[in-house]
Amino acid sequence: MTPRPPADPVLASLTTTHAHLAESKGRAFRYQPEVAGFTALAGPRDAEAWADLAALAGPGEEVSIADPPADWERLFSATGVQMVAVSLETAPFPAARVLGPADVPAMLDLVARTEPGPLRPRTIEMGTYLGVFEEGALVAMAGERLRPPGWTEISAVCTDPAFRGRGLAGALVRAVAHGIVERGERPFLHATATNTPAIRLYTAMGFELVQTRNFSVARIPG
């Protein structure tokens with residue numbers, strides 16, 4: 001059977017590799033708000049755990065967590081797929097460079113136009129991000145997000161519509177994966193279950209679909 005990341009990669013990341021980016025209260029954990037909106041609960045998802053999360057984030061705040069309580073307003077829900085690299089051929093991409101804090105405005109702009117998933121001002125602190133520039137403008141990027149021990153998630157894969165069809169996304173995924181493999185970890189990623197073109201691309205590249213996951217953004221009562 002193909003190895004899989006931990007059942008809750010958010011919790012595994014927040015309590016280990018990304019502990020320096022975490023906030024916690026009782027059994028609730030979250031990323032610092034400018035880093036990411038992901039939250040997690042340790043142990044049973046009982047009333048005490050949900051109360052810890054409500055206290056940690058605060059009333060009226062939005063959090064990203066699967067299957068929130070029925071009395072929390074769901075702002076977004078989707079089914080996603082988790083895919084693991086099984087035969088991916090990784091390689092550096094000389095046309096790309098590592099993105100830094102000065103590139104964050106361009107990264108946020110590209111994400112706003114292409115909608116690959118959430119990106120916040122300090123998301124770049126979660127791992128290495130690579131970008132391709134044309135005439136000084138960022139036109140494609142990909143990077144690292146969740147990092148449970150032994151694994152790294154590839155995320156924020158996006159290309160400006162005017163530059164699609166040139167293989168930039170695939171090359172960036174292979175390059176990000178190359179760095180992950182070089183440090184002895186295994187790449188994985190997520191995609192919405194309805195994004196069949198992306199799933200086909202990742203499958204052709206050497207990723208295997210290992211499970212489906214629920215994603216939700218909910219507002220805490222108050």
Verify, without hydrogens or angle tests, whether [X] (side chain) and [Y] (backbone) share a donor-acceptor contact under 3.5 angstrom.
| X | Y | value |
| --- | --- | --- |
| Q32 | H20 | yes |
| T17 | S13 | no |
| R186 | A85 | yes |
| R213 | A7 | yes |
| R27 | P44 | yes |
| R164 | T159 | yes |
| T39 | S64 | yes |
| T90 | R174 | no |

Are the side chains of [Y] and [X] in contact, using a 4.5 Å heavy-atom criterion?
| X | Y | answer |
| --- | --- | --- |
| W151 | L146 | no |
| Y129 | T123 | yes |
| D103 | L138 | no |
| D160 | L110 | yes |
| W72 | L53 | yes |
| L172 | V157 | no |
| P5 | V84 | yes |
| E23 | P33 | yes |

Apply side-chain contact (heavy atoms from CB on, under 4.5 Å) to D71 and W50, showing your working.
CA-CA 11 Å; D71 61 336; W50 290 114; over 6 Å; no
Trace of the side-chain contact (heavy atoms from CB on, under 4.5 Å) decision for L209 with T203:
CA-CA 8 Å; L209 196 160; T203 301; 5.9 Å; no
Which atom of [X] lies closest to which atom of [Y], heavy atoms considered:
| X | Y | answer |
| --- | --- | --- |
| E34 | R120 | O-CB, 3.2 Å |
| A12 | P148 | CB-CB, 3.6 Å |
| L99 | G131 | CG-N, 3.7 Å |
| I154 | A177 | CD1-CB, 3.9 Å |
| S216 | R74 | OG-NH1, 3.6 Å |

Are [X] and [Y] connected in the hydrophobic side-chain network, where two residues link if heavy atoms are under 4.5 Å apart?
| X | Y | answer |
| --- | --- | --- |
| L119 | L75 | no |
| V176 | L189 | yes |
| L201 | L168 | yes |
| I199 | F207 | yes |
| Y202 | I180 | yes |

The test is side-chain contact (heavy atoms from CB on, under 4.5 Å); show your working for D67 and R45 and say whether it passes.
CA-CA 10 Å; D67 305 318; R45 293 189 162 207; 4.3 Å; yes
How long is the gap from [atom1] on [X] to [atom2] on [Y], to the nearest 0.5 Å?
| X | Y | atom1 | atom2 | answer |
| --- | --- | --- | --- | --- |
| R145 | E153 | CZ | CD | 4.0 Å |
| M141 | T114 | CE | OG1 | 6.5 Å |
| L56 | F29 | CG | CZ | 9.5 Å |
| N195 | R200 | CG | CZ | 9.0 Å |
| I124 | R122 | CD1 | CZ | 11.5 Å |
| E73 | R219 | CD | CZ | 4.5 Å |

For F188, run the side chain to side chain contact (heavy atoms under 4.5 Å, CB included) check against E208, Q82, M83 and tell me which one passes.
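That would be Q82.
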Is R30 salt-bridged to E61, going by a charged N under 4.0 Å from an acidic O?
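Salt bridge flag = no for E61 with R30.
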Please identify each residue that fulfils salt bridge (charged side-chain N to carboxylate O under 4.0 Å, His left out) with R183, with sequence neighbours left out.
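For R183 the salt bridge (charged side-chain N to carboxylate O under 4.0 Å, His left out) partners, ignoring immediate neighbours, are E144, E185.
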D52: what forms a salt bridge (charged side-chain N to carboxylate O under 4.0 Å, His left out) with it, not counting sequence neighbours?
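Residues passing salt bridge (charged side-chain N to carboxylate O under 4.0 Å, His left out) with D52: none at all.
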All side chain to side chain donor-acceptor pair (under 3.5 Å) counterparts of R4, not counting sequence neighbours
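Side chain to side chain donor-acceptor pair (under 3.5 Å) list for R4, sorted by chain: empty.
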Please test F163 against V132 for side-chain contact (heavy atoms from CB on, under 4.5 Å), starting from the C-alpha separation and ending with a verdict.
CA-CA 10 Å; F163 293 87; V132 176; over 6 Å; no
